[in-house]
Asker: 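Take a look at this one; I'll ask things after.
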Number of protein chains: 2
Amino acid sequence: MELSSRKRKILGLLVERYIKTAEPVSSGEIKSLYGEEISSATIRSELAALEELGYLVQPHVSAGRIPTEPAYKLYVENVLAGEKKEIRVAGVRDYLGKKIVEIEDVVRNTARVISDATNYTSVIVIKNTDDIRIREVKLVEVDAGRALVVIITDSGVIKDNIIEIPVNMGSGYVTAANDVINDLFAGKTLSEIKSQNADIDGEMAPYHDIFDKIINLLEEYASGRHDKVFVEGTSKMFHHPEFAEISTAREFITLLDEKEKLGELMTADDDIELSVRIGKPDGLNGNCSMVTARYSIGGAEIGKAGVIGPERMDYDKVVSVLHYIQKVFNGEAEPDEKEKKNGEIRKRK
Amino acid sequence: MELSSRKRKILGLLVERYIKTAEPVSSGEIKSLYGEEISSATIRSELAALEELGYLVQPHVSAGRIPTEPAYKLYVENVLAGEKKEIRVAGVRDYLGKKIVEIEDVVRNTARVISDATNYTSVIVIKNTDDIRIREVKLVEVDAGRALVVIITDSGVIKDNIIEIPVNMGSGYVTAANDVINDLFAGKTLSEIKSQNADIDGEMAPYHDIFDKIINLLEEYASGRHDKVFVEGTSKMFHHPEFAEISTAREFITLLDEKEKLGELMTADDDIELSVRIGKPDGLNGNCSMVTARYSIGGAEIGKAGVIGPERMDYDKVVSVLHYIQKVFNGEAEPDEKEKKNGEIRKRK
DNA sequence: TGTTAGCAGTCGAAAGGTTAGAGTGCTAAC
DNA sequence: GTTAGCACTCTAACCTTTCGACTGCTAACA
């Protein structure tokens with residue numbers, strides 16, 4: 001059912017007001033925000049109607065009204081449909097332009113910037129790419145027909161695996177295999193190696209079996225890896241009155257503490273470029289909301305960045321900030337004046 | 001001034017009791033804990049004396065007493081001097097024995113185990129080892145006399161550095177330099193490379209200058225890196241009544257949020273094997289304590305693991321747990337029965 | 001039919017008052 | 001030096017009262 005335009009206006013004002021003050025909004029307040037001349041009694045009857053429709057509730061009879069979940073949803077629809085506010089977040093490029101880059105630092109800094117700009121807790125998930133890079137492979141014969149495999153990758157070590165090897169292949173077989181295999185794997189990513197697969201027949205044939213087994217190990221390893229979750233600005237929650245109650249704060253911190261669960265929550269709406277989830281995203285008990293954005297560097301999707309905060313969240317601001325960060329990472333945002341000067345160098349990435 | 005043995009006993013009982021209940025302890029309670037026959041009036045006069053000496057305070061006149069900082073310090077001295085409780089923490093070896101190991105996972109798991117075993121928030125710092133491993137060095141001539149250097153290390157990329165190169169060295173000079181330099185650096189750690197320094201005269205001489213410049217870049221990079229800080233079990237703080245007040249909780253979370261500061265705090269007492277700091281460790285306002293232990297793997301010091309909690313902390317348990325973890329990492333702890341079975345394989349690390 | 005002023009009614013938050021009980025310090029006796 | 005006894009203090013919990021913020025309703029008006 002469509003709302004009358006006056007109802008929509010009143011509801012919009014009320015939501016915005018409540019986002020700002022966190023206090024129930026009275027008919028009088030709306031009257032003074034309304035612009036045109038209108039009596040509070042008229043507003044009261046509209047409010048009563050909106051309450052009937054489920055958009056508002058009263059904490060108690062002698063209080064103003066506060067928005068419900070559907071009201072926020074309606075509000076966010078408008079925010080997303082309208083022009084995005086032009087927000088420029090200072091400091092993002094400072095570290096992106098730096099000469100020395102550690103990926104973790106970039107992520108941590110970005111999370112911090114988002115948190116500082118929005119004043120909410122920010123979460124970034126780096127999706128587990130299963131393209132691991134192999135540094136070294138070692139084969140050690142332990143007894144006839146069995147060899148120990150140790151694989152050193154960029155992110156860790158795969159050890160203590162025994163594989164079967166062909167017997168009766170002569171004394172130098174394992175050391176030879178070690179060299180061949182290591183040549184095939186070292187410095188490459190798993191997908192690069194797999195695409196070589198076709199080429200390794202011919203003289204490599206005797207090692208084909210071992211090759212396959214190691215690929216299996218790597219794939220098992222890749223599937224067991226999990227996304228990395230970064231949280232910044234946890235203490236920001238205390239800036240918002242909904243977390244003044246210790247029990248609410250506890251629930252919130254507990255969620256942030258369970259990184260795996262949090263990661264799943266973040267990556268749930270994976271097909272949506274910019275997703276807003278309002279109220280109890282499954283597993284979150286307090287009335288919280290999450291806004292998450294996919295982000296990619298140079299076209300490749302890296303993961304998700306987002307914000308978690310109270311249902312009464314400044315969606316407009318949060319959406320704008322996340323949108324801006326997205327653009328910066330995609331290289332779409334125009335640089336600031338002062339940045340233009342040394343743009344030539346900075347563009348190299 | 002030495003305390004009489006009765007005073008010491010009473011103070012010890014009171015501290016232990018308070019650690020358990022978090023409530024002011026009355027003379028009557030101590031009477032019932034005391035063992036021998038003694039009247040509460042006698043205890044009261046002893047308590048009054050201990051208060052005079054600064055070991056106790058009363059929240060108000062009709063309440064029992066709670067220990068002060070000096071009282072905890074005295075108590076901890078006894079804990080550290082006495083035999084460490086034999087604590088065995090389940091699950092530590094589970095992941096240490098795993099076939100697939102990512103360093104971050106080990107750290108995160110360890111932190112989680114410490115937190116779960118102690119019921120406090122746990123912090124682990126991995127000290128920045130300045131022994132970076134270089135994966136690849138690229139030299140690209142940009143114009144006469146200048147080349148762009150890109151260094152790829154295990155932990156990140158050093159880019160956008162322009163160095164001066166000798167002119168008039170012929171057309172192939174930079175590409176040749178690129179190969180030589182890359183051979184010298186790739187796959188080695190910074191300290192390994194530096195120890196090669198002497199050997200690179202002779203035919204390498206023309207590249208010596210570039211070599212030095214790259215070493216400089218790497219050293220600058222190494223000095224700019226910082227320790228990695230892992231926090232687990234933040235929500236555990238809510239299990240303790242001192243954090244029921246929102247302001248205390250906020251201070252605590254804020255500290256945990258500032259990772260750099262936290263890292264500094266953790267690594268402050270770096271010469272002490274197992275350090276206990278009680279009450280306001282500089283920068284911590286709430287009355288908190290930290291217990292930290294150095295830990296090493298295979299002799300090499302890796303960093304620090306510790307626990308942060310209220311001043312009223314179960315020091316005995318925390319010290320025992322950290323001590324046990326230390327032993328496990330040093331390979332000193334005896335394996336459990338069931339672990340002995342597949343010990344041969346597990347010992348390889 | 002929609003809008004408005006006026007007014008009675010409701011409810012929470014703040015302030016003040018009372019009570020019960022826990023624990024002390026002091027005193028006097030042993 | 002130790003102890004029983006007792007008066008005293010102070011908090012936490014509970015009640016009561018008051019104040020004022022808003023509302024819903026009613027009746028009048030355009």
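First the proteins, then the strands, lettered A, B, ... as listed; each starts at 1. Below, all heavy atoms of this structure are taken into account, side chains as well, without hydrogens, waters or symmetry copies. Quick caveat, the model's predicted, so the values are computed rather than measured.
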Asker: For B:H240 and B:Y120, take the angle between the two ring planes, folded into 0 to 90°, and tell me which bin it lands in: parallel under 30, tilted 30 to 60, perpendicular over 60.
Answerer: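 Parallel.
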
Asker: Just checking A:S27: base, sugar-phosphate only, or nothing, at a heavy-atom cut-off of under 4.0 Å?
Answerer: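 Since only primed, P, OP1 and OP2 atoms lie under 4.0 Å of A:S27, the category is sugar-phosphate.
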
Asker: We want to know whether A:K304 and A:T267 form a side-chain donor-acceptor pair, criterion being a heavy-atom distance below 3.5 angstrom.
Answerer: no

Asker: In whole Å, I'd like the distance from the NE2 atom of A:H60 to the P atom of D:dT23.
Answerer: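 To the nearest whole Å, that distance equals 10 Å.
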
Asker: For the pair A:R6 and A:E36, find out whether any cationic side-chain nitrogen is under 4.0 Å from an anionic carboxylate oxygen.
Answerer: no

Asker: Looking at the base of D:dC22, is there any donor atom on it, or on the side chain of A:S62, that sits under 3.5 Å from an acceptor on the other one?
Answerer: no

Asker: Does this structure show an ion pair linking B:K236 with A:D257, if we count only N-O contacts that are shorter than 4.0 Å?
Answerer: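 Not counted as a salt bridge, because no side-chain N and carboxylate O are separated by less than 4.0 Å.
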
Asker: A:L56 has an atom CG; how far is it from atom C1' of D:dT23, in whole Å?
Answerer: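 Answer to the nearest Å: 14 Å.
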
Asker: Tell me: NZ of B:K31 to C1' of C:dA22, nearest whole Å?
Answerer: 17 Å

Asker: Kindly point out which of C:dA5, D:dT3, D:dT23 is positioned nearest to the side chain of A:S39?
Answerer: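 Looking only at heavy atoms from C-beta outward on A:S39, the closest nucleotide is C:dA5.
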
Asker: Establish, with yes or no, whether the OP1 or OP2 oxygen of D:dT23 is under 4.0 angstrom from a side-chain nitrogen or oxygen of A:S26.
Answerer: no

Asker: Expressed as a whole number of angstroms, how long is the span from A:E23:CD to C:dG12:P?
Answerer: 16 Å

Asker: Within this structure, what is the OH-to-C1' distance between B:Y18 and C:dG23, rounded to whole angstrom?
Answerer: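 Distance, rounded to whole Å: 16 Å.
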
Asker: Assuming nearest nucleotide by heavy-atom distance, tell me which of B:P59 and A:V61 is located more 5' along DNA chain D.
Answerer: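 Its nearest nucleotide lies further toward 5', so the answer is B:P59.
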
Asker: Any side-chain N or O of A:R6 under 4.0 Å from OP1/OP2 of C:dT3?
Answerer: yes

Asker: In this structure, how many angstroms lie between the P atom of C:dG2 and the CD1 atom of A:I38, rounded?
Answerer: 14 Å

Asker: For the pair made of CZ in A:R65 and P in D:dC22, what is the distance, rounded to whole Å?
Answerer: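 One finds 12 Å between P of D:dC22 and CZ of A:R65, rounded.
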
Asker: Please confirm whether the shortest side-chain N or O distance from B:S40 to OP1 or OP2 of C:dG23 is below 4.0 Å.
Answerer: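 No, because none of the side-chain N or O atoms of B:S40 sits under 4.0 Å from OP1 or OP2 of C:dG23.
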
Asker: Need the pair for C:dC30. Rule: Watson-Crick or G-U wobble, both distances under 3.5 Å, any strand; none if unpaired.
Answerer: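 Looking at the geometry, C:dC30 pairs with D:dG1.
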
Asker: Between A:E77 and A:K73, is there a side-chain N and carboxylate O pair less than 4.0 Å apart?
Answerer: no

Asker: Which listed nucleotide (C:dA5, D:dT2, C:dC11) is nearest to the side chain of B:T42?
Answerer: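 The nucleotide sitting nearest to the side chain is D:dT2.
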
Asker: Checking contacts here: which listed nucleotide (C:dT4, D:dT23, C:dT24) is nearest the side-chain heavy atoms of B:Q58?
Answerer: C:dT24

Asker: Taking CD from A:E29 and P from D:dA21, how many angstroms apart are they, rounded to a whole number?
Answerer: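 Rounded to whole Å, this separation is 12 Å.
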
Asker: Taking OP1 and OP2 of D:dG1, is either one under 4.0 Å from a side-chain nitrogen or oxygen of B:R44?
Answerer: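 Checking D:dG1 against B:R44, no side-chain N or O comes under 4.0 Å of OP1 or OP2.
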
